[in-house]
> 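Below is the structure I would like to discuss, written out as C-alpha cells.
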Amino acid sequence: MLRQHRAARVAVAALFLTNGAIFANLLPRYPQLKADLGLSNAEYGLAVASFPCGALMAGLAAGALIRRFRSSRVAVAGTLLTSAGVLLAGLAPSWGVLAGALFFAGCMDAITDVAQNSHGLRVQRLYGRSILNSFHAIWSVGAVSGGLMGGLAVGLDVPRGVHLGLSALLFAVVALTALRYTLPGPEPIEPVERSEGGAQTDGLPARRESTGRGRIWLMIAALVLIAVGGTLVEDAGMTWAAVYLSGTLGAGVAVASFGFIALVGSQFVGRLLGDGLVDRFGQRAIARTGGATTVAGMSAALLFPSVPGTIAGFALAGFGVATLVPAAMHGADELPGLRAGTGLTIVSWLMRLGFLVSPPVVGLVADAVGLRIGLLVVPLAGTLVLVLAGVLSAARVTHRANGMPMEGEGSCAAAAEGR
C-alpha cells in the first residue's frame with residue numbers, strides 16, 4: 001500500500017509539472033504570433049485575455065466533472081485538451097482563431113487545475129501529512145521548464161507547429177503514463193465517511209459533520225480571500241515589480257527584472273519548505289507568520305524606497321505567501337457537508353477572478369496617486385491573511401510510523417466550530 005501511495009504522489013507531481021509547462025511553452029511565441037497576424041496592441045491584449053476569461057467561464061464545471069468522471073481522469077483529459085488548445089493557438093491563422101483557441105485552453109486549464117489539486121489532496125490524506133505545497137513547487141518548475149523550452153525553440157527557429165506539436169505529444173505521454181499510477185476508485189461523495197462512534201474509514205481521519213450552512217459559506221468566503229491575498233502578491237510581482245523598479249526607482253532593465261525573480265524564487269523555496277513547516281506548526285500558524293512577513297518586508301520597502309530594499313521586499317513577500325493558495329485549497333476541500341470538489345472548485349474559481357481584477361485596480365490607483373501607493377496592495381494582502389488565518393486548520397502531525405504520519409490535531413471543520 002505504501003508503494004501505491006508513493007506512486008500516486010509521483011503521478012500527481014507529473015500532472016502538476018505538465019500543467020505548468022504546457023502554457024509556458026507558448027509565452028515566448030507571443031511576439032512572433034502578434035507580428036505574423038499583424039495584430040494591434042489592443043487586438044493582442046484582447047486575444048491574450050481570452051485565456052483567463054475561458055478559465056472563469058469553465059472553472060465552476062470542475063466539481064461536477066470530478067464527481068462524474070473521477071479527479072485523475074479529469075486532470076489527464078484536461079491536460080490533453082489544454083495542449084490541443086495551445087497547439088491550435090500557435091497555428092492560428094487569424095485573430096479570431098487565436099482568441100478562440102486561448103479561450104478553450106483557458107477553460108481546460110481551469111478544470112485541470114481543480115482536478116489535479118483534488119487528486120493531490122486525496123493522496124495527501126493517505127499520507128496523513130502535508131504534501132500539497134511540494135506539488136505547487138513542482139508546478140513552478142514546470143512553468144520555468146516550459147518557458148525555457150519555448151525560448152530555446154524560438155532561438156533555434158523551430159516552426160511553431162513542430163515545437164508545440166512535439167511538446168503536446170510529450171506532455172500527453174507523461175499525463176497518460178501518470179494516469180496508470182493515480183489512486184483507483186471513485187471520488188468520495190463526502191470528504192470522509194464516518195462509521196459509528198466517529199471512527200475513521202477508508203484510511204482517512206474522521207471529521208465532524210455538523211456545521212451550519214451559513215457558517216460554511218462564511219468559511220468559503222474567508223478561504224477565497226486568503227487565496228486572493230496570495231494571488232494579489234503574485235500579480236504585483238509579475239505585473240508591477242519591474243515597472244516600479246525601473247520607472248519609479250530608476251533601476252536598469254536587467255536589475256528591474258530581479259523584483260519578479262526574487263518573488264518567484266523565494267516562493268518556490270517557501271513551497272519546498274512549506275510542507276514540513278505546516279506539519280510542525282499547522283496551516284494557521286504558517287499563514288499568520290507568512291502574512292506578517294509579507295507586511296513587514298513590503299512595508300519597509302515602500303516606506304524606505306531603494307532598489308535593493310524593494311527586491312528584498314518582494315522576496316520576503318513571495319516567501320510569505322508561498323503556502324497560502326495550497327492552504328486555502330486544502331481548507332476548502334476539508335469543509336464538511338459539501339460534495340467532493342465543490343469547495344475546491346469555488347475557491348479556485350474566485351481566486352482566478354482576483355487575478356483578473358487586480359492589475360486594473362492597481363493601475364488605476366497608480367495613475368491617480370503613484371505606483372508606490374498602488375503597491376500597498378501587497379502589505380494589505382498580508383494584513384488580510386493575518387485577520388482571516390483563523391479559518392485554517394491548526395492541525396500538526398504528532399506521530400509517525402514507517403515514515404507515514406498517523407495522527408494530528410485540529411481540522412478545518414474544527415475551526416468552523418470555534419476550536
Side-chain angles (χ1 to χ4, degrees), residues 11 13-59 61 65 73-113 115-116 138-180 238 264 352 355:
L15 293 175
F16 271 81
L17 184 78
T18 58
N19 184 249
I22 288 171
F23 187 65
N25 262 271
L26 181 64
L27 297 180
R29 295 290 191 170
Y30 272 173
Q32 190 180 46
L33 270 170
K34 182 177 182 293
D36 288 351
L37 296 179
L39 303 179
S40 66
N41 287 328
E43 289 171 331
Y44 169 73
L46 285 172
V48 171
S50 298
F51 187 90
C53 287
L56 285 173
M57 291 292 291
L65 291 171
R73 293 172 179 170
V74 173
V76 171
T79 298
L80 302 181
L81 292 172
T82 302
S83 294
V86 168
L87 174 60
L88 180 59
L91 296 174
S94 65
W95 178 89
V97 175
L98 175 62
L102 289 175
F103 182 88
F104 176 77
C107 291
M108 296 302 103
D109 179 72
I111 292 170
T112 303
D113 184 45
Q116 69 186 9
I138 290 169
W139 185 94
S140 299
V141 173
V144 172
S145 300
L148 291 174
M149 288 171 63
L152 181 62
V154 171
L156 295 176
D157 202 25
V158 178
R160 285 197 301 274
V162 174
H163 158 221
L164 295 174
L166 289 175
S167 65
L169 179 62
L170 171 64
F171 301 138
V173 170
V174 172
L176 290 170
T177 302
L179 180 61
R180 297 177 54 193
M238 287 189 295
V264 173
R352 289 176 180 269
F355 252 131

> Please find the pair of heavy atoms, one from L26 and one from A89, that lie closest to each other, and give the distance.
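It is CD2-CB, 4.1 Å.
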
> Rounded to the nearest 0.5 Å, what separates atom OG in S40 from atom CG in L46?
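These two atoms lie 8.0 Å from each other.
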
> Specify the closest pair of heavy atoms between A11 and A178, including all atoms of both residues, with the distance to one decimal.
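What the structure gives for the nearest pair is CB-O, 3.3 Å.
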
> I'd like a table of donor-acceptor pairs (distance under 3.5 Å, sequence neighbours excluded) in which one partner is a side-chain atom from residues 93-105, with atom names and distances.
unit_1, atom_1, unit_2, atom_2, d
S94, OG, V97, N, 3.4
W95, NE1, E43, O, 2.8

> Taking only residues two or more places apart in sequence or in another chain, which ones pass side chain to side chain donor-acceptor pair (under 3.5 Å) with N19?
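Partners of N19 under the side chain to side chain donor-acceptor pair (under 3.5 Å) test: D109, Q116, W139.
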
> Once the angle between the rings of F23 and F51 is folded into 0 to 90°, is it parallel (under 30°), tilted (30 to 60°) or perpendicular (over 60°)?
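The arrangement is parallel - the two ring planes meet at less than 30°.
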
> Not counting sequence neighbours, which residues clear salt bridge (Lys or Arg N to Asp or Glu O under 4.0 Å) with R160? List them please.
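Checked R160 against salt bridge (Lys or Arg N to Asp or Glu O under 4.0 Å); matches are D36.
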
> If you compare all heavy atoms of P52 against all heavy atoms of V48, which two are closest, and at what distance to 0.1 Å?
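For P52 versus V48, the nearest heavy atoms are CD-O, 3.4 Å.
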
> In Å and rounded to the nearest 0.5 Å, what is the CG to OG1 distance from L176 to T18?
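So the gap between those two atoms works out to 10.0 Å.
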
> Might you point out which heavy atoms bring A75 and T112 nearest each other, and give the distance in Å?
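Scanning both residues, the minimum pair turns out to be O-CG2, 3.6 Å.
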
> Which atoms form the tightest heavy-atom contact between N25 and S167, and what is the distance?
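Distance-wise, the nearest heavy atoms are OD1-CB, 4.1 Å.
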
> Considering non-hydrogen atoms only, spot the tightest contact between P28 and G151 and give its length.
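Shortest heavy-atom contact: CG-N, 3.6 Å.
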
> Rounded at 0.5 Å granularity, tell me how far CE in M149 sits from CG in L27.
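Rounded to the nearest 0.5 Å, the CE-CG separation comes out at 12.5 Å.
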
> Tell me, with the steps shown, if V76 and L15 meet side-chain contact (heavy atoms from CB on, under 4.5 Å).
CA-CA 7 Å; V76 171; L15 293 175; 3.9 Å; yes

> Using the rule given for side-chain contact (heavy atoms from CB on, under 4.5 Å), can you reason through V174 versus L17, listing the C-alpha separation, both sets of side-chain angles and the distance that settles it, and then say yes or no?
CA-CA 9 Å; V174 172; L17 184 78; 5.9 Å; no

> Let me confirm one number: the CD1-CE distance from I22 to M108, rounded to the nearest 0.5 Å.
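These two atoms lie 12.5 Å from each other.
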
> To the nearest 0.5 Å, what is the distance between CG on L87 and OG1 on T82?
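Separation between the atoms: 12.5 Å.
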
